[in-house]
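Inspection log for the structure reproduced underneath, given as structure tokens.
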Amino acid sequence: MTARYLLSAASIAALAIATPAFAQDAAADQDSPIGEIVVTAQKYKQDAQDVPISISALDSDTLEKSGVASLDAVQKYAPGLQMATVGSGFVSYTYLRGSGTNQIDSGSDPSVAFFVDEVYVTGTAGAQFNLFDVDRVEVLKGPQGTLFGRNAAAGAISITTRRPTATFSADASVDVGNYDLRVARGAISGPLTADDALRFRVSGVIQDRSAFTENLAGDDPGTVKSAGGRAQLEYVKGDLSWLLTGNYYRARNGMTNQFLATTVKAAFLSPAAIAALPAGEDFYTHYYNVDGFEDQDAAGLTSRIELKTPIGTLTSVSAYRFNKFNRAQDQDGTIAQAYELDSFERDRSISQELRLSDQSASFNWVAGAYYYHDKTDRQDTVITGPDYAPVASRNLTSIDRSHLTVESIAFFGQASYFFTPQLSLTAGGRWTQDKKSDDRFVQRFTTPAYSVSPEATWRSFDPAATLSWQPSTRVMAYASYRQGFKSGGFQTLLPASATLAATPFAPETVRSYELGLKSEWFDRHLRANFALFRSDVTDQQILRVLGNSTNVIDNAGQTRTTGLDTIFNVALGKLRIDAATTYQHARFRQYITGVTSYAGKAQLRSPDFAGSYSAEYPIAVDDDHALTLRAEYTYQSKSFFDAANTETAGLYQPGYGLLNGRISFGSERQGWDVSLWAKNITGEHYFRNITVSGTTGLAVPGDPATYGISLHWGM
């Protein structure tokens, strides 16, 4: 990102603070025409405008109007967030502000942490599910280790589901669209006792969709068939509330619709196999010789107890999570008999967080302890055929079997002191100890089998400090420093030697600096937020694919990202306009492999610009019915998938934009609406993900143009 963006943003921020906050105080108690979103980024409820953190928050209304049904779709509305879906059953490759991970194995952790109702979602598998009956999604940018904990080095994505209600309510929706899309969602909630103290909520979703990609030789990859449910009981009486939640998710999907996207295919296929490849393929039409699948079963049980005591509010969050994932994948992405990858993973984790907090006019504080224990069993099986490129590795089966144990403990605290009603200082920190061990067996092609049992412990203290100044009711400026930590781990699929498999890679550390301004103007008809940031990543964990299933996880020396986040929300009469952008310059400062230096190269999966824009206009048909028109456009500049920044077709993603539209008609009083919608209206071709192997790229295509109708009813 160029200096002019930083200078421009700084000038805007200075002007906004210096300008009299006309009509601000008079409108302090007025409902906002541009709306409010209550978040819990600091572990208690606040208007997002009062939180000195760069946040992209989507409430349930926005999720519904934008058709955001899955976690990876959130990135289109949170510029700076890059989340590549690999297959239909799990999410990986999440980047935020130039920091992230391109590993999906059980020995690694994501740099952006996922939470559902304050419970950490383990690893990179099991985070993909339908966003049904959700109250809001918060994307917190920059390190969030103090309050959110392990592996929130680059940021955190926090999902809050809807809770049981004291009055009876019900909600149902049905979506039907092209590619045989059929989705049904529903929820029912209310009291179970006469005094409303005991409440319940039950919700569920069923989804079915045909594949976007056609397999001309067998089953189509990328079909979706899933179902999920959630049941909640909540007891609220006096100073005590206890929420018990159980959830289950099941998916029986087709395999990932990846294909060899480059003209050079020598990393996977023999010359004879390349010559024999059939003609007639295009972006969504291919030949596969493996009829693969992706099956997932996930379940969880969470207990959340909140008790108000004379010394503060005591909160306990206890959780058990289970995830099982099984797949068979055509890993060369062609009709050739070259490379099949079968994976099985079973993960079980328990976690316990205890915290005590209190808020007053001059002093807010929270302190707590955290424990996490996880066991993961995983086996990856590589099956090569006669068309595999390396002659010596043909017609073989390789196995990588791992039993990974993770134990983490942490102590954390944060306090905010208000020197005056306008000036406050927030300081905090988290001490973390992560211990990992791995019992691993590897049979790699023709090399002798080996077993290793590496074990490592990492400790880190990560401080944070924020100075906030609120010169008027609707203007807040802040400056912050935050540090994040992600623990080390063990090498990825089929390490080339026992020595490599037994050698852990180091943790990565993120140091982030941010200057921010949050403001509302013109009787709250305009919201303008800015955040200047710099993130320095030390020892970033990066996967390199070297070919012939030889992969290495490196620790890149130094990576720096400088950038600017902006958010504008405008209400012009009935017209609502929203714009959110991220300008960033994410570059390696020190990254050497052998004799090759990648200094100055762009960070993986980190475009220099990303923007999200929407406009909505309601038209009253009569006193009870309205027609609402909504248009959305998202754009991102080019991004790279290898440290060399190879700009060859099929190895990188050129800049692209997506246009969505929605027309809704309904009655707010009667609680129903019907909508016609379309996504990727122009049929833009883009990649969800690319795996670079030398000069060959294995790519997953993005969704084509889709359209449909949605019916919604609620009371």
Side-chain angles (χ1 to χ4, degrees), residues 29 31 36-48 50-51 57 59-60 115-120 133-136 138 146-149 158-171 187-203 230-247 300-321 350-371 411-418 426 428 714-715:
D29 299 321
D31 289 340
E36 296 178 346
I37 298 181
V38 175
V39 298
T40 52
Q42 298 192 113
K43 297 300 183 181
Y44 61 92
K45 293 181 178 180
Q46 295 173 278
D47 184 341
D50 296 330
V51 183
D59 60 11
S60 57
F115 298 86
V116 178
D117 293 332
E118 300 188 274
V119 176
Y120 176 69
D133 206 34
V134 166
D135 183 67
R136 66 185 179 277
E138 303 171 29
T146 299
L147 295 181
F148 282 87
S158 177
I159 302 163
T160 302
T161 63
R162 289 172 172 165
R163 296 179 70 156
T165 53
T167 58
F168 180 81
S169 66
D171 190 272
I188 185 170
S189 179
L192 290 172
T193 56
D195 61 357
D196 302 336
L198 186 61
R199 310 162 185 176
F200 80 98
R201 188 177 193 92
V202 178
S203 55
R230 185 183 305 117
Q232 297 170 294
L233 278 175
E234 185 172 27
Y235 179 79
V236 181
K237 192 76 170 181
D239 293 331
L240 173 67
S241 69
W242 181 16
L243 176 65
L244 186 65
T245 302
N247 63 274
L301 184 64
T302 304
S303 170
R304 188 184 193 278
I305 301 173
E306 190 170 272
L307 177 65
K308 295 180 180 178
T309 74
I311 60 172
T313 300
L314 179 65
T315 303
S316 168
V317 181
S318 312
Y320 168 79
R321 286 185 60 87
I350 60 171
S351 62
Q352 174 64 57
E353 179 168 300
L354 282 173
R355 61 178 186 266
L356 187 65
S357 63
D358 194 26
Q359 292 86 44
S360 66
S362 60
F363 191 57
N364 298 339
W365 60 271
V366 58
Y370 179 78
Y371 175 78
F411 301 95
F412 61 91
Q414 178 173 291
S416 299
Y417 180 73
F418 293 82
T426 300
M715 61 173 292

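Below, each value reflects all heavy atoms present in this structure, side chains not excepted, and no hydrogens, waters or symmetry copies.
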Using 0.5 Å steps for rounding, measure from the [atom1] atom of [X] to the [atom2] atom of [Y].
| X | Y | atom1 | atom2 | result |
| --- | --- | --- | --- | --- |
| Glu36 | Asp59 | CD | CG | 11.0 Å |
| Leu354 | Leu314 | CG | CG | 6.5 Å |
| Thr313 | Lys43 | OG1 | NZ | 14.5 Å |
| Arg199 | Leu233 | CZ | CG | 12.0 Å |
| Asn364 | Tyr44 | CG | OH | 4.0 Å |
| Leu198 | Leu192 | CG | CG | 4.5 Å |

**OP:** Verify whether one side chain among Thr161 and Asp117 offers a donor that lies under 3.5 Å from an acceptor in the other.
**Re:** yes
**OP:** Would you please say whether a donor-acceptor pair under 3.5 Å links the side chains of Ser189 and Thr165?
**Re:** yes
Original post:
Pick from Glu306, Glu353, Arg355, Gln352: which one makes a side-chain contact (heavy atoms from CB on, under 4.5 Å) with Ser316?
Top reply: Gln352
Show me the side-chain donor-acceptor pairs of residues 234-241 shorter than 3.5 Å, one per line, residues at least two apart or across chains.
residue	atom	partner	partner atom	Å
Glu234	OE2	Arg163	NE	3.3
Glu234	OE2	Arg163	NH2	2.4
Lys237	NZ	Asp195	OD2	3.0

Subject >> Whether Arg136 side chain and Val38 backbone form a donor-acceptor pair below 3.5 Å >> reply: yes
Original post:
So, Thr309 side chain and Gly312 main chain: donor-acceptor pair closer than 3.5 Å or not?
Top reply: yes
If every non-hydrogen atom of [X] is compared with every non-hydrogen atom of [Y], which pair is closest and at what distance?
| X | Y | value |
| --- | --- | --- |
| Phe148 | Ala41 | CE1-O, 3.4 Å |
| Asp133 | Ala187 | OD1-CB, 3.7 Å |
| Gln46 | Asp50 | NE2-O, 3.8 Å |
| Glu138 | Thr160 | OE2-OG1, 4.5 Å |
| Phe363 | Phe418 | N-CD1, 4.2 Å |
| Ile311 | Trp365 | O-CZ2, 3.4 Å |

Original post:
Between Ser203 and Arg162, does a side chain to side chain contact (heavy atoms under 4.5 Å, CB included) hold up when you go through it step by step?
Top reply: CA-CA 10 Å; Ser203 55; Arg162 289 172 172 165; over 6 Å; no
Would you check if [X] and [Y] make a side-chain contact, meaning some heavy-atom pair closer than 4.5 Å?
| X | Y | result |
| --- | --- | --- |
| Ser318 | Ile305 | no |
| Met715 | Phe168 | yes |
| Gln359 | Ser416 | no |

